[in-house]
Amino acid sequence: MSKVTGIGGIFFACKNVEATRAWYRDVLGLTLNDHGGADFLHEASVKAHEDGARTIWAPFESAEYFQPGTGQFMINLMVDDLAGMIARIQAAGVELVGAPETYPYGKFAWVLDPDDRKLELW
């Protein structure tokens with residue numbers, strides 16, 4: 001029986017593609033590929049997060065958790081150094097959404113991208 005084995009990509013519309021690419025590159029440090037997207041190799045996630053490396057698919061009953069973002073979804077991005085990423089974001093003049101939080105399953109911080117999509121940094 002066939003089944004889904006993972007998420008192969010996240011594709012989304014934005015107001016200004018080049019500005020959005022530049023923001024993700026400059027603010028979050030994404031390395032863009034020849035097509036203007038970013039490749040996240042599973043080996044790199046496992047190396048950085050060991051058995052915590054995973055992609056989570058989770059439906060929500062409402063988009064309340066994604067506020068103050070204006071979208072119907074949120075993107076969770078794994079980072080290798082949350083404190084360093086927060087410093088990078090703040091140095092770029094981007095404000096965090098609320099205060100960072102720590103749970104038994106990880107540390108989190110939130111930011112809005114140029115199109116008001118909420119990003120959860122893990």
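Computed from a predicted structure; not experimentally measured.
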Does anything in residues 85-113 form a salt bridge (Lys or Arg N to Asp or Glu O under 4.0 Å)? List the pairs, not counting sequence neighbours.
D113-R117

Residues in ring pair (Phe, Tyr, Trp, His ring centres under 6.0 Å) with Y105, at least two apart?
Y103, F108

List the atom pairs, donor and acceptor, that lie under 3.5 Å between side-chain atoms in residues 68-76 and the rest of the protein, sequence neighbours left out.
from: N76; atom 1: ND2; to: E120; atom 2: OE1; distance (Å): 2.8

side-chain contact (heavy atoms from CB on, under 4.5 Å) assessment of Y24 paired with L119:
CA-CA 11 Å; Y24 276 80; L119 306 177; 3.4 Å; yes

Contacts of I56 that satisfy side-chain contact (heavy atoms from CB on, under 4.5 Å) - sequence neighbours left out
R54, A58

What residues form a side-chain contact (heavy atoms from CB on, under 4.5 Å) with Q90, not counting sequence neighbours?
I86, L96

For residues L112 and V97, report the shortest heavy-atom separation together with the two atoms involved.
CG-CG2, 3.8 Å

Mind jotting down which residue pairs meet the salt bridge (Lys or Arg N to Asp or Glu O under 4.0 Å) criterion with at least one end in residues 7-30? Sequence neighbours excluded, please.
E18-R21

Any ring pair (Phe, Tyr, Trp, His ring centres under 6.0 Å) involving residues 4-23? Give me the pairs, sequence neighbours left out, ordered by first then second residue.
none

Between CH2 of W57 and CD1 of I7, what distance do you get to the nearest 0.5 Å?
9.0 Å

With a 3.5 Å cut-off and sequence neighbours excluded, list the donor-acceptor pairs that the side chains of residues 30-39 form with protein atoms.
from: N33; atom 1: OD1; to: H35; atom 2: N; distance (Å): 2.8
from: N33; atom 1: OD1; to: G36; atom 2: N; distance (Å): 3.1
from: N33; atom 1: OD1; to: G37; atom 2: N; distance (Å): 3.0
from: N33; atom 1: ND2; to: D39; atom 2: OD1; distance (Å): 3.2
from: N33; atom 1: ND2; to: D39; atom 2: OD2; distance (Å): 3.3

Test ring pair (Phe, Tyr, Trp, His ring centres under 6.0 Å) applied to Y65 - qualifying residues, sequence neighbours left out
F60

